[in-house]
2 protein chains.
Amino acid sequence: MKPENRKQEIVKAASILFKEKGYSAVTMRDLAKAMGIKAASLYNHIQSKQEILSTIIIDLAEEFTEGMNKISESDQKTIQKIENIIELHIDVTLRNADGLASLNNDWMHLEEDNLQYFEKMRYDYENNFRKIVQKGTEDKEIKSFNIEIIVFSTLSTLRTLYLWYPKQKDIDADILKKDMISVLLSGIV
Amino acid sequence: MKPENRKQEIVKAASILFKEKGYSAVTMRDLAKAMGIKAASLYNHIQSKQEILSTIIIDLAEEFTEGMNKISESDQKTIQKIENIIELHIDVTLRNADGLASLNNDWMHLEEDNLQYFEKMRYDYENNFRKIVQKGTEDKEIKSFNIEIIVFSTLSTLRTLYLWYPKQKDIDADILKKDMISVLLSGIV
DNA sequence: GTCTATAGCCGGATAGAC
DNA sequence: GTCTATCCGGCTATAGAC
């Protein structure tokens, strides 16, 4: 097995453990045990514990950044853009729910360069979202509530999907997308 | 100053640090430094690091449990109940936003009895919420989307308020309540 | 590529002086 | 009530045998 594949296995196992206890509470011994080897052996495939964390988080953050850039630059209507953002989050969650736990809760344990890079991506992502909502209210596609509240409540729900989706085993991805779009856009009343 | 007050100061300082880095990444030396004393001195006021965590989390969980029980047992209509739940979350967030970080992210580091007690309270809370939404759909007060999606998306937003509210310094609590109720109940379109 | 052994450091917590 | 000094265990990471 090539080292790259072995590294991917380590990252995957680490994602699950980081989700359960958080980056700081997971030891290299825990991770090695989950892989069925000794802690020292991990270092043939990775440089450090920190490298595992940054691999998980930066890959996901770049995925969101690329997706958001495409949506943001398109010439669709606001509502269509928001629907695409909801789909983006659901798609990423289906593919890597465990990694999203680190993205949401352990980003502050990234070190220098990666921390700055991550924070910039997150800022740009939120700002793109905010601009889309802003334009939507100007075009009267969206109600003129406080824009920050709209951005916050929508993003909160999408960012927390990773916690909730794995528990809903019997729900179809397409139904989830449809209902999630309805709930977030049209409300529940 | 009585020991009880000093303990409260420690818990408050710890809440801030736990919010920034998480329970596991904060050391007793970090906490002592924030209090302007040495780590050993903390132990004149608390039994252990674990005691600080359980004080933060259990107090808050009990506050939510009491609030939810009152709402749940009242004879109000469903929509009024949901509005009261939104207000409950906003009120607790205004009073103790830092502590809510531990409630949301560090509950898994509670030990045996407190962990079980917490998990029971959280289960009951969610179940009460679910029953309220269920009744609302039966009475046609609420649209008949997938109930789990409604419960999840509403709770996600309310639980994440602690991250967002402190950044919105210029927003009035009453306006926040009003707009949050509108966004969650009526949607944004 | 995995192992054993261990370096070197830092963690929570205690003892006892003041 | 706070301090200094310290115990002791667990942490990340490395060295070197197989």
Side-chain angles (χ1 to χ4, degrees), chain A residues 1-58 102 105-115, chain B residues 1-58 102 105-115:
Chain A
M1 209 171 278
K2 287 183 191 173
E4 268 310 304
N5 292 339
R6 199 77 170 123
K7 181 178 168 182
Q8 282 166 23
E9 285 176 44
I10 292 173
V11 168
K12 192 173 175 183
S15 299
I16 294 170
L17 295 179
F18 292 169
K19 178 182 179 179
E20 288 168 354
K21 305 203 296 175
Y23 174 73
S24 302
V26 174
T27 70
M28 296 304 276
R29 290 172 175 81
D30 292 336
L31 179 53
K33 199 169 208 173
M35 298 281 301
I37 57 178
K38 296 290 174 184
S41 307
L42 292 169
Y43 290 88
N44 271 294
H45 309 284
I46 51 134
Q47 299 289 326
S48 64
K49 187 185 177 188
Q50 174 68 204
E51 188 200 353
I52 300 174
L53 183 69
S54 59
T55 300
I56 295 170
I57 295 180
I58 299 297
S102 299
N105 302 318
D106 283 320
W107 59 266
M108 71 287 279
H109 298 118
L110 290 172
E111 287 168 6
E112 273 315 308
D113 287 355
N114 278 325
L115 179 58
Chain B
M1 209 170 278
K2 286 183 192 173
E4 267 311 302
N5 292 338
R6 198 76 170 126
K7 181 178 169 183
Q8 283 166 23
E9 285 177 45
I10 292 172
V11 167
K12 192 173 176 184
S15 299
I16 295 170
L17 295 178
F18 292 168
K19 177 181 180 179
E20 288 169 355
K21 304 202 297 177
Y23 175 72
S24 302
V26 174
T27 70
M28 296 303 278
R29 288 168 175 83
D30 291 336
L31 178 55
K33 199 170 207 173
M35 297 281 301
I37 57 177
K38 296 290 173 183
S41 307
L42 293 169
Y43 289 87
N44 270 294
H45 309 284
I46 51 133
Q47 299 289 326
S48 64
K49 188 186 177 190
Q50 174 67 204
E51 189 200 353
I52 300 174
L53 183 69
S54 59
T55 300
I56 295 171
I57 295 180
I58 298 298
S102 299
N105 302 317
D106 283 320
W107 58 267
M108 72 287 278
H109 299 117
L110 290 172
E111 286 167 6
E112 272 316 308
D113 287 355
N114 279 325
L115 179 58

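Letters A, B, ... mirror the listed sequences (proteins, then strands); counts begin at 1.
Of the residues in residues 47-56 of chain B, those lying under 4.0 Å from DNA chain C by heavy-atom distance are B/Ser48, B/Lys49. Contact check of residues 27-41 of chain B against DNA chain C (heavy atom, cut-off under 4.0 Å) returns B/Thr27, B/Met28, B/Arg29, B/Ala40.
For B/Tyr23, the ring-ring contact (aromatic ring centres under 6.0 Å, His included) test picks out B/Phe18, B/His109, with sequence neighbours left out. For the side chain to side chain donor-acceptor pair (under 3.5 Å) test, no residue two or more places apart in sequence or in another chain qualifies with A/Asn114. Listed by chain and residue number, nothing satisfies the side chain to side chain contact (heavy atoms under 4.5 Å, CB included) test with B/Ala40 (two or more places apart in sequence, or in another chain).
Between the CG atom of A/Leu42 and the P atom of C/dG1 there is a distance of 13 Å, rounded to whole Å. The CG-P distance, from A/Asn5 to C/dG1, rounds to 11 Å in whole Å. The distance between atom CD1 of A/Ile46 and atom P of C/dG1, rounded to the nearest whole Å, is 14 Å. Following rounding to the nearest Å, A/Ile10 (CD1) and D/dA13 (P) show an atom-to-atom distance of 13 Å. Between the NZ atom of A/Lys21 and the P atom of D/dG10 there is a distance of 13 Å, rounded to whole Å. D/dT14 atom P lies 7 Å from atom OH of A/Tyr43, rounded to whole Å.
From B/Ile10, atom CD1 reaches atom CD1 of B/Ile46 across 5.5 Å, with rounding to the nearest 0.5 Å. Expressed to the nearest 0.5 Å, how far NZ of B/Lys33 lies from CG of B/Leu17 amounts to 11.5 Å.
For the salt bridge (Lys or Arg N to Asp or Glu O under 4.0 Å) condition, the pairs that include at least one residue of residues 13-25 of chain B, sequence neighbours left out, are B/Lys19-B/Asp98, B/Lys21-B/Asp30. Within the structure, every pair that satisfies the salt bridge (Lys or Arg N to Asp or Glu O under 4.0 Å) test and touches residues 36-51 of chain B, not counting sequence neighbours, is listed here: B/Lys7-B/Glu51.
Contact annotation: the side chain of A/Trp107 approaches that of A/Leu115 to within less than 4.5 Å [non-hydrogen atoms, C-beta and beyond].
Without hydrogens or angle criteria, A/Glu111 side chain to A/Gln50 main chain gives no donor-acceptor distance under 3.5 Å.
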Report the C-alpha distance between A/Glu9 and A/Arg6 in whole Å, list the side-chain angles of each, state the deciding distance to 0.1 Å, and finish with yes or no for salt bridge (Lys or Arg N to Asp or Glu O under 4.0 Å).
CA-CA 5 Å; A/Glu9 285 176 44; A/Arg6 199 77 170 123; 2.9 Å; yes
Using the rule given for side chain to side chain contact (heavy atoms under 4.5 Å, CB included), can you reason through A/Ile52 versus A/Leu31, listing the C-alpha separation, both sets of side-chain angles and the distance that settles it, and then say yes or no?
CA-CA 11 Å; A/Ile52 300 174; A/Leu31 179 53; 3.6 Å; yes
Distances for protein N or O near nucleotides 16-18 of chain C N or O, under 3.5 Å:
none

